[in-house]
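Report on one structure; see the data block that follows.
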Amino acid sequence: MRKSLKMSAGAAGLAIGLAAGLVGGLVGGSAPAAAQEVTLRLHQFLPLRSTIPAEAITPWIEAVEADSGGRIEIEHYPSMQLGGAPPSLYDQARDGVVDIVWTLLGYTPGRFQKLEAFELPFMVSTAEATSKAFHEFVQKNGLDELSDVHPLVVHTHGPGLLHVRGEGVRSLDDMAGLTLRGPTRVITKMLDDMGASAVGMPVPAVPEALSKGVIDGAVVPWEVTVPLKIAELVDSHTGFEGDRGLYTATFALVMNKDSYAALPDDLKKVIDAHSGIETAALFGAAMDEGDKAGLGIARSSGNDIRMLDPGPWKQAAQATIDDWIAEMDAQGHDGAALVEEARALIEKYSAE
């Protein structure tokens with residue numbers, strides 16, 4: 001009889017055959033007839049056809065199920081089908097409402113303070129490299145902020161851009177008077193510092209807000225523009241020259257601690273084999289591929305695509321960085337050291 005374990009929500013992944021040989025040796029072959037079987041519920045906020053659910057979470061689920069010899073079954077509930085709003089996902093995992101969640105960490109402002117270093121302006125390179133950097137950063141600096149869940153995968157998306165209706169953004173001066181959606185408190189602060197009026201908003205709400213004129217535009221990476229049909233709702237897309245994008249957001253696939261602890265040791269090893277830095281890289285790689293698709297759709301739509309000199313923007317964004325460092329210092333953290341470590345790790349993995 002299959003035993004249902006109640007677990008919490010977290011972030012989704014693309015563990016395609018990760019460590020299949022190792023795990024196959026651990027749990028493959030003929031499992032004892034009495035071997036424990038478990039059903040886990042995974043909850044997240046995007047539609048199934050979005051990049052991460054389709055190209056990361058679903059393959060991750062399939063790999064875990066296969067490498068468990070069918071003893072783990074993961075039920076995938078997209079688009080908040082089990083109730084609540086996206087900012088509630090982390091607590092659903094913590095409290096055991098569900099077993100696993102994939103969520104955007106910045107949906108709970110100020111909760112993951114040190115991890116916000118990766119959201120600061122002009123840090124991100126590719127999603128794959130930045131996700132590997134973020135994994136190492138979390139291991140060194142952020143496990144205390146995730147201590148009430150069992151982390152599986154942490155990652156980022158690729159460079160975020162400005163997607164705006166009407167004339168759009170050709171220079172920093174064009175930010176004045178625009179109402180723009182931002183995903184997190186750090187990024188909305190950045191938009192304000194650049195002259196816009198920022199509105200915090202989970203990404204599923206963006207299409208309606210754009211179509212009703214509640215906002216003039218939004219910052220999202222290219223890959224998110226595909227499921228949200230952003231190219232049909234705006235007229236221009238503004239990014240930046242060079243090897244660092246405007247911003248990124250951070251994500252986590254996390255599991256309820258009791259649900260993980262209740263697994264037999266061999267099934268823990270299956271979950272462990274599909275966690276960590278290589279899985280973070282696979283999630284990031286899925287984001288990078290999604291960015292290519294989103295850019296292609298924007299080009300075919302005939303929208304203006306602009307790549308600007310980041311110089312004036314970096315100057316405007318410095319206030320965001322300085323204020324964040326001061327805030328971290330006030331909380332007892334070395335803000336400048338966190339920023340420098342984040343930059344060094346991104347540089348390390350980008351060079352690879």
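In this chain, residues are counted from 1 in sequence order. Computed from a predicted structure; not experimentally measured.
No side-chain donor-acceptor contact under 3.5 Å links D95 to the backbone of Q92. One N or O on the side chain of T130 and one on the backbone of S125 form a donor-acceptor pair closer than 3.5 Å. Checking side-chain atoms of N256 against main-chain N and O of R94 turns up a donor-acceptor pair under 3.5 Å. Using modelled atom types, no side-chain atom of R71 and backbone atom of L267 make a donor-acceptor pair closer than 3.5 Å. With hydrogens and angles disregarded, a donor-acceptor distance shorter than 3.5 Å links the side chain of D288 to the backbone of A127. The backbone N or O of D148 sits nowhere less than 3.5 Å from a side-chain atom of K257 that would complete a donor-acceptor pair. Checking side-chain atoms of T188 against main-chain N and O of A198 turns up no donor-acceptor pair under 3.5 Å.
Not counting sequence neighbours, the partners of R170 by the salt bridge (charged side-chain N to carboxylate O under 4.0 Å, His left out) test are E167.
Summarising the geometry, atom CG belonging to L172 is positioned 11.0 Å from atom CG belonging to D309; distances are rounded to the nearest 0.5 Å. Atom-to-atom distance recorded for T156:OG1 and H135:NE2 is 13.5 Å, nearest 0.5 angstrom. In this structure, the separation between OG1 on T225 and CD1 on I230 is 7.0 Å, given to the nearest 0.5 Å. In this structure, CG in L191 is found 10.0 Å from OG in S197, a value given to the nearest 0.5 Å. Rounded to the nearest 0.5 Å, atoms CD1 (I325) and CG (D334) are 9.0 Å apart. Note that CD1 of I72 is 6.0 Å distant from CG of L263, once rounded to the nearest 0.5 Å.
Note: Y107 and Y90 fail the aromatic proximity criterion, with ring centroids not under 6.0 Å apart. Side-chain rings of Y247 and F122 stay apart, their centers remaining 6.0 Å or farther from each other.
Enclosure of atom CD in Q139 by more than 12 non-hydrogen atoms of other residues, nucleotides or ligands within 6.0 angstrom is indicated.
Residue pairs meeting the salt bridge (Lys or Arg N to Asp or Glu O under 4.0 Å) criterion with at least one member in residues 118-133, sequence neighbours excluded, are K132-E352. Applying the ring-ring contact (aromatic ring centres under 6.0 Å, His included) test to every pair with at least one member in residues 288-309, sequence neighbours left out, gives no pairs at all. Screening residues 227-244 for salt bridge (Lys or Arg N to Asp or Glu O under 4.0 Å), with sequence neighbours left out, gives R244-E347.
The hydrophobic cluster around I297 extends to V226, counting ILVMFWY residues whose side-chain heavy atoms fall within less than 4.5 Å of a member. Other members of the hydrophobic cluster containing W222, listed by chain and number, are L161, L295, I305; membership follows side-chain contacts under 4.5 Å among ILVMFWY residues, whether direct or relayed.
Ion pairing between a basic and an acidic side chain is recognised when a charged N comes within 4.0 Å of a carboxylate O; D304 and R306 show such pairing. Taking 4.0 Å as the cut-off between side-chain N and carboxylate O, E223 and K292 do not count as a salt-bridged pair. At a threshold of 4.0 Å, the pair R41-E73 does not count as salt-bridged, since none of the basic side-chain nitrogens sits closer than that to a carboxylate oxygen. Salt bridge E136/K348: present, at least one basic N to carboxylate O contact under 4.0 Å. A salt bridge links R111 with D91: the distance from a Lys NZ or Arg NE/NH1/NH2 to an Asp or Glu carboxylate oxygen falls below 4.0 Å. A salt bridge links K189 to D193: at least one charged side-chain nitrogen sits closer than 4.0 Å to a carboxylate oxygen.
The aromatic rings of H150 and Y260 lie parallel to each other, their planes meeting at an angle below 30°, with 60° marking the opposite boundary.
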